[in-house]
2 protein chains.
Amino acid sequence: MSNIKLSKSEENYLKSIFNLSEFGNKQVSTNSISKILNIEPASVTDMIKKLSKKNLIYHEKYKGSTISKSGIKIALQIIRRHRLWEVFLHDKLKFNWDEIHEIAEELEHVSSEMLIDNLDKFLKYPKIDPHGDPIPNKLGEIDFVDKISISDLKINEKGIVSRIINEDEEFFNLLKKLKIEIGSEITLIDKIDYDNSVEILIDKKSVIISKDISNNIKITKI
Amino acid sequence: MSNIKLSKSEENYLKSIFNLSEFGNKQVSTNSISKILNIEPASVTDMIKKLSKKNLIYHEKYKGSTISKSGIKIALQIIRRHRLWEVFLHDKLKFNWDEIHEIAEELEHVSSEMLIDNLDKFLKYPKIDPHGDPIPNKLGEIDFVDKISISDLKINEKGIVSRIINEDEEFFNLLKKLKIEIGSEITLIDKIDYDNSVEILIDKKSVIISKDISNNIKITKI
DNA sequence: TATATATTTTAGGCAAACCTAAAAACAATA
DNA sequence: TATTGTTTTTAGGTTTGCCTAAAATATATA
Ligand SMILES: [Mn+2]
Ligand SMILES: [Mn+2]
Ligand SMILES: [Mn+2]
Ligand SMILES: [Mn+2]
């Protein structure tokens with residue numbers, strides 16, 4: 001539809017909003033965008049207005065923003081570019097997996113469809129990036145790979161909370177108490193064989209959570 | 001010295017000023033920069049002031065600009081990035097040699113020294129880009145290979161096209177029409193004194209090309 | 001050398017993308 | 001429900017990189 005070229009800023013916002021929205025299913029707060037992008041809430045409001053006018057998101061004043069169909073489509077293309085570049089940097093240029101993100105964050109904004117298609121072909125159409133995240137294809141389709149559980153981590157490995165399965169209120173309250181939310185960093189400290197509970201480091205504090213709780217928190221390794 | 005990160009605009013100006021300066025030997029007029037970058041002279045003056053303050057160029061009011069030692073150093077690094085990306089796009093991603101310039105114009109601004117060093121290694125330290133231009137090494141050193149112009153050939157002498165200077169799209173289209181590309185064999189048939197145009201044999205056909213065109217095509221004798 | 005023309009700079013303005021401070025709206029809780 | 005605290009928006013400002021119009025300077029030519 002709207003084939004207007006987006007600025008680097010607009011692309012970064014759109015990608016973040018998409019990531020916070022859990023595939024377009026959740027309303028995203030201005031504050032959460034502000035935190036992720038390290039930009040003041042007032043500035044985020046400015047950009048929200050801009051993206052709304054372009055129909056890439058819908059915005060309800062004081063309530064939050066929802067990403068639109070066309071917004072999702074574009075966000076998936078930016079993510080596609082990002083992850084393909086990460087594969088290139090890791091597999092071809094031999095970067096370590098912890099050095100690639102920042103560079104890909106820049107490369108993703110070089111917008112040439114042919115560039116990305118040729119890169120995709122050169123890399124032999126990879127399905128996942130070096131962090132294990134799935135790479136959308138040209139049409140924006142993703143092979144859903146279920147995120148791993150905390151207990152799949154090895155001791156001292158870190159993960160970012162990427163999905164909360166149980167949507168009950170009590171569970172949200174528990175997470176709030178534990179300061180666990182989408183985007184939180186978790187380190188596995190110990191696995192307790194007795195009842196399969198795990199000791200994790202979250203928000204600089206260590207806590208032990210039950211198997212049931214940890215199963216409801218999906219993470220991606222970092 | 002000054003290790004301040006330059007903006008994309010500053011980099012584009014600096015590269016253009018360097019290119020116009022013939023390796024730092026000539027003063028560059030404000031108007032010539034304006035024409036090359038398609039930016040109004042008044043805006044060029046603004047940027048000249050900015051680059052002067054950073055000691056990347058010296059500016060004499062109403063006279064022109066000279067690029068400084070540190071300016072040259074930076075310009076050569078930008079050119080290095082540009083040409084390495086062109087090699088990548090051409091050799092690895094299989095772009096045609098007339099499609100790469102525009103994309104490299106963007107990629108050159110992704111500034112990570114490690115990225116370029118790794119790319120250089122991945123490409124096996126190429127010495128020339130797909131247009132036949134030399135690639136500066138990490139230290140900014142260039143292998144000078146003297147190329148001659150078509151009009152330097154004697155009648156009936158042959159040459160191999162080794163460098164295309166003008167990278168504009170219209171020029172590429174003309175070359176495509178004439179079936180001239182890097183590696184093409186050209187025979188000089190006649191020199192026309194009237195306007196310094198030359199008659200050449202290319203792809204088994206003879207054509208007359210203007211002095212301007214022939215000046216933009218460098219060759220090596222065979 | 002005087003005048004016309006071309007080049008360059010100055011002055012003033014605008015859009016993008018950020019900021020801080022203050023106001024408005026919403027949510028939590030006493 | 002009234003008060004307090006948090007979130008979001010508005011208002012006003014800055015920097016970067018561009019613009020147009022006009023003034024200043026340099027160059028060409030009569
Ligand atoms: Mn990444
Ligand atoms: Mn980015
Ligand atoms: Mn080029
Ligand atoms: Mn460029």
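For the numbers below, each heavy atom of this structure counts, side chains included, while hydrogens, waters and symmetry mates do not. The sequence lines fix the lettering, A, B, ..., with proteins before strands; numbering per chain opens at 1.
Where A/Glu10 and B/Pro41 each meet DNA chain C at their nearest nucleotide, the meeting point lying more 5' is that of B/Pro41.
Not one side-chain nitrogen or oxygen of B/Lys8 sits closer than 4.0 Å to the OP1 or OP2 atom of D/dT16. Applying the 4.0 Å criterion to OP1 and OP2 of D/dC19, one finds that B/Ser43 has a side-chain N or O inside that range. Contact annotation: A/Ser9 side-chain N/O to C/dA16 OP1/OP2 distance is not under 4.0 Å. Contact between the side-chain N/O atoms of A/His59 and the OP1/OP2 oxygens of D/dT8 is not found at any separation under 4.0 Å.
Residue A/Lys35 is out of contact with every strand shown, counting any heavy-atom pair closer than 4.0 Å. Within the 4.0 angstrom heavy-atom criterion, base atoms lie near B/Thr45.
Salt bridge status for A/Asp152 with A/Lys218: absent, with no side-chain N to carboxylate O gap under 4.0 Å. In this structure, B/Lys138 pairs ionically with B/Asp117, as a charged nitrogen and a carboxylate oxygen lie closer than 4.0 Å. Using a cut-off of 4.0 Å between Lys/Arg side-chain N and Asp/Glu carboxylate O, A/Lys179 and A/Asp203 are scored as not salt-bridged. We find that A/Lys15 and A/Glu105 are joined by a salt bridge, their nearest charged nitrogen and carboxylate oxygen being less than 4.0 Å apart. Residues B/Lys54 and B/Glu10 are paired through a salt bridge, judged by an N-O separation under 4.0 Å between the basic side chain and the carboxylate.
The CD1 atom of B/Ile48 sits 11 Å away from the P atom of C/dT10 (whole-angstrom rounding). As a whole-Å value, the separation of A/Asn31 CG from D/dT9 P is 10 Å. C/dA17 atom C1' lies 12 Å from atom CG of A/Leu37, rounded to whole Å. Rounded to an integer number of Å, the gap from B/Lys49 NZ to C/dT9 C1' is 7 Å. At whole-Å resolution of the value, CD in B/Glu11 and C1' in D/dT16 are 15 Å apart. For B/Glu40 and C/dC14, the CD to P distance is 17 Å, given to the nearest whole Å. Here C/dT8 presents its P atom at 15 Å from CG of B/Asp46, a figure rounded to the nearest Å. Counting to the nearest Å, the P atom of D/dT16 and the OH atom of B/Tyr13 are 14 Å from each other.
When distances are taken from the side chain of B/Ser29 to each of C/dT10, C/dA17, C/dT8, the shortest belongs to C/dT8. Comparing D/dA11, C/dC18, D/dC18 by their closest approach to the side chain of B/Ile39 singles out D/dC18. Taking every side-chain heavy atom of B/Thr30 into account, C/dT8 is the closest of C/dT8, D/dT9, D/dC19.
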Self-check item: Sugar-phosphate or base contact per nucleotide [nucleotides 24-30 of chain C; S, B, -; heavy atom under 4.0 Å]
Solution: BSS----
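For the atom pair A/Ser29 OG and A/Leu20 CG, the distance stands at 7.5 Å (nearest 0.5 Å). One distance of note links CD of B/Glu106 with CG of A/Leu115; it measures 10.5 Å at 0.5 Å rounding.
No hydrogens or angles considered: a donor-acceptor pair under 3.5 Å links the side chains of B/Asp195 and B/Ser197.
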